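Scroll down for the structure; my scribbles are underneath it.
When reading the values below, keep in mind they use all heavy atoms of this one structure, side chains included, and skip hydrogens, waters and symmetry mates. A quick note: this is a predicted structure, and the numbers were derived from the prediction, not measured.
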Amino acid sequence: MYPGDESYFLDVIVDTVADAVRGRVAPDVLDAWLDVRRRQRDEGRLGFFARNLDLYGRVR
């Protein structure tokens with residue numbers, strides 16, 4: 001459903017988010033979130049939008 005390596009890329013992003021919150025979010029909540037994301041990927045409905053903000057300033 002996704003061209004090229006997009007499905008793999010989405011899996012990596014989902015796994016990275018899951019790893020970042022594991023131990024901070026209840027396991028059943030994380031499992032439910034992962035189930036939804038994987039179902040969306042399988043149905044071709046999962047997307048990813050990235051945005052980068054460069055900030056400049058001085059901390060006092």
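Its side chain outside the 4.5 Å cluster rule for every partner, Tyr56 clusters with none of the Ile, Leu, Val, Met, Phe, Trp and Tyr residues. Side-chain heavy-atom separations under 4.5 angstrom define the hydrophobic clusters, and the remaining members of the one that includes Tyr8 are Val12.
In terms of the side chain to side chain contact (heavy atoms under 4.5 Å, CB included) criterion, residue partners of Phe9 (sequence neighbours excluded) are, by chain and number, Ile13, Phe48. For Arg22, the salt bridge (Lys or Arg N to Asp or Glu O under 4.0 Å) criterion is met by Asp19, not counting sequence neighbours. Under the rule for a side chain to side chain contact (heavy atoms under 4.5 Å, CB included), Arg58 has no partner lying at least two apart in sequence or in another chain.
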Enumerate donor-acceptor pairs with a distance under 3.5 Å from any side-chain N or O in residues 28-40 to protein atoms, sequence neighbours excluded.
residue	atom	partner	partner atom	Å
Arg37	NH1	Gln40	OE1	2.8

